[in-house]
Structure formats: structure tokens, C-alpha cells
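Input: a single structure, listed below in C-alpha cells.
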Amino acid sequence: MKNIKIIIPALLVLFSACSEATRNTTNSKSESMPQTTANKTDSLEVKMKINGNVATGDPLLLRFVVYNNTDSIKTFCIWHTPFEPLMSSYLSITNEKGEEAQYKGAMAKRVMPPPASSYSKVNPGDSLVANADLLKAYDLKKGSSYKAVYTGGNMSGLVSKDTVTFIYTELH
């Protein structure tokens with residue numbers, strides 16, 4: 001019974017803190033949540049590139065660049081992006097037959113809302129770059145052609161209009 005008297009007030013404080021953090025994040029002007037509008041001048045822009053020919057043992061790299069083409073600092077959640085270690089599937093990768101490549105990486109369970117430490121800032125006119133080895137996270141077959149689409153925007157707030165195509169071949 002003593003534990004209940006301690007647990008209930010602790011839960012109330014925790015929930016009110018989460019609620020306050022959400023209000024502060026969405027109302028902040030200088031470090032607002034990422035805008036997801038189609039207007040380039042108002043939001044962060046994502047560009048992707050994949051090196052489709054790799055030597056045996058080398059990584060198949062996805063280059064993920066976030067550009068801030070605005071006049072103010074923008075933030076985005078790094079969850080479901082290459083800016084964190086492989087913790088979730090944030091790409092839809094399909095082969096020429098339309099079959100989706102299986103994700104074989106880790107799947108993190110998250111506490112919502114994301115803590116402040118899970119956000120990254122992009123200064124006006126600047127960009128951030130992250131790389132991810134797709135061979136560590138997806139079951140890709142040699143000699144197949146693929147297209148990759150970024151699907152992590154619901155969590156990160158980032159939007160990519162890119163569809164990247166590549167052929168996974170190994171050089172000997």
C-alpha cells in the first residue's frame with residue numbers, strides 16, 4: 001500500500017511533464033518541430049543517394065542529407081532516420097518485381113513524446129549528412145535492382161520526395 005502512495009503521484013508528475021514538454025515543443029518559434037509543408041522555403045528538404053556497386057565486404061551506403069533552406073533554425077527527430085544507429089525500418093525497398101526487401105535490423109520501442117535529446121538542429125542555409133549501410137539492415141539479393149523510398153517521416157517530421165534506384169552488385 002505504501003508503494004501505491006508513491007507510484008500514483010510519480011505517475012501524475014510524469015504525465016504532466018510529458019504534456020508540458022509537448023506544449024513547449026509545439027509552441028516554440030525558434031526551435032519548432034520540423035515543418036512538413038511542400039514549400040521548400042518553409043521546411044527541411046531531404047535528398048538521398050545510394051552507391052549501388054560495392055566491393056565484397058564493403059558497405060552499401062545510403063547517403064541521407066537534410067537541408068535547411070529557410071532563414072531560421074529548424075529541428076527534426078532523429079528517430080527513424082540514418083542519424084541514429086539502425087533501430088527501425090525507415091525505408092521501403094522493393095525489387096523490380098515489386099517484392100519488398102525484408103528488414104533484418106533492430107526494432108526499438110519508444111517512449112512518447114521523444115525527449116529533447118532525440119532532436120537535431122539544422123542552422124539556416126546549412127545541411128546535415130548521415131550514412132547508413134543498407135546491408136546491415138535489409139536482406140538484399142546480389143544482381144537485383146531496387147528502389148528505395150523514405151518512410152520514416154511520421155516519426156522524424158522529415159519528408160523526402162526522392163525515390164532512389166540502384167542495382168546491388170558486388171565488384172570482385
Side-chain angles (χ1 to χ4, degrees), residues 13-52 54 59-94 100-140 146-166 168:
V13 169
L14 177 66
F15 287 129
S16 67
C18 288
S19 175
E20 183 63 28
T22 302
R23 279 193 299 275
N24 287 341
T25 302
T26 58
N27 290 335
S28 172
K29 296 206 190 281
S30 64
E31 297 182 16
S32 63
M33 292 287 286
Q35 303 294 316
T36 57
T37 61
N39 185 348
K40 276 192 209 177
T41 59
D42 291 340
S43 64
L44 296 171
E45 182 180 3
V46 173
K47 293 287 184 185
M48 297 187 307
K49 182 179 178 184
I50 297 176
N51 67 325
V54 296
L60 179 63
L61 287 181
L62 166 71
R63 181 177 169 87
F64 193 88
V65 185
V66 177
Y67 295 94
N68 182 354
N69 297 322
T70 71
D71 295 333
S72 60
I73 295 173
K74 296 291 182 181
T75 62
F76 66 94
C77 182
I78 65 170
W79 292 356
H80 294 214
T81 73
F83 289 95
E84 71 171 349
L86 289 166
M87 302 289 286
S88 62
S89 175
Y90 48 78
L91 295 172
S92 172
I93 301 177
T94 54
E100 188 148 358
Q102 283 297 116
Y103 177 75
K104 60 183 183 179
M107 291 295 286
K109 299 225 181 218
R110 309 291 185 151
V111 176
M112 294 302 285
S117 63
S118 62
Y119 286 86
S120 188
K121 293 180 188 178
V122 187
N123 291 324
D126 205 357
S127 63
L128 296 177
V129 178
N131 295 308
D133 182 357
L134 299 183
L135 296 177
K136 289 183 178 178
Y138 294 90
D139 186 19
L140 302 174
Y146 292 95
K147 71 177 183 176
V149 177
Y150 177 65
T151 59
N154 287 343
M155 180 60 70
S156 69
L158 297 172
V159 176
S160 174
K161 296 177 185 163
D162 285 351
T163 298
V164 182
T165 58
F166 64 98
Y168 173 40

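This structure is a prediction, so every number in the text was calculated from the model and none was measured.
Residues L135 and L140 form a side-chain contact, since some pair of their non-hydrogen atoms from C-beta on lies under 4.5 Å apart. In this structure the side chain of S43 never reaches within 4.5 angstrom of the side chain of K74, judged on heavy atoms. The shortest side-chain heavy-atom distance between F64 and L158 falls under the 4.5 Å cut-off.
Shown here are the side chain to side chain contact (heavy atoms under 4.5 Å, CB included) partners of V164, two or more places apart in sequence or in another chain: M48, I50, D162. Remark: Y90 pairs with no residue by the side-chain hydrogen bond (donor to acceptor under 3.5 Å, both in side chains) rule, at least two apart or across chains. Every residue two or more places apart in sequence or in another chain that forms a side chain to side chain contact (heavy atoms under 4.5 Å, CB included) with S127 is listed here: V65, Y67. For A130, the side chain to side chain contact (heavy atoms under 4.5 Å, CB included) test picks out P82, F83, with sequence neighbours left out. Every side-chain hydrogen bond (donor to acceptor under 3.5 Å, both in side chains) that Y138 has, sequence neighbours left out, goes to S89. Considering only residues two or more places apart in sequence or on other chains, S88 meets the side-chain hydrogen bond (donor to acceptor under 3.5 Å, both in side chains) condition with none of them. Looking at residues two or more places apart in sequence or on another chain, you find no ring pair (Phe, Tyr, Trp, His ring centres under 6.0 Å) involving Y168. Judged as a side-chain hydrogen bond (donor to acceptor under 3.5 Å, both in side chains), and not counting sequence neighbours, the contacts of D139 are K141. Applying the side chain to side chain contact (heavy atoms under 4.5 Å, CB included) test to K104 and every residue at least two apart in sequence or in another chain returns nothing.
Note that OH of Y150 is 10.5 Å distant from CG of L62, once rounded to the nearest 0.5 Å. To the nearest 0.5 Å, the span separating CD1 on I78 from CG on L128 amounts to 11.0 Å. How far NZ of K161 is from NZ of K47: 8.5 Å, rounded to the nearest 0.5 Å. Interatomic distance, CG of L61 versus CG of N131, reported as 5.5 Å (0.5 Å rounding). One finds the OG1 atom of T94 at 7.0 Å from the CD atom of E100 (value rounded to the nearest 0.5 Å).
Between S156 and F76 the shortest heavy-atom distance is O-CB, 3.6 Å.
Pairs of residues two or more places apart, or lying in two chains, that qualify as side-chain hydrogen bond (donor to acceptor under 3.5 Å, both in side chains) and include a residue from residues 76-86 are E84-R110. Residue pairs meeting the salt bridge (charged side-chain N to carboxylate O under 4.0 Å, His left out) criterion with at least one partner in residues 123-133, sequence neighbours excluded, do not occur; the list is empty. Annotation: salt bridge (charged side-chain N to carboxylate O under 4.0 Å, His left out) contacts involving residues 59-70, sequence neighbours excluded, are absent.
Residue S117 forms a side-chain contact (heavy atoms from CB on, under 4.5 Å) with just one option from P115, S120, P114, and that option is P115.
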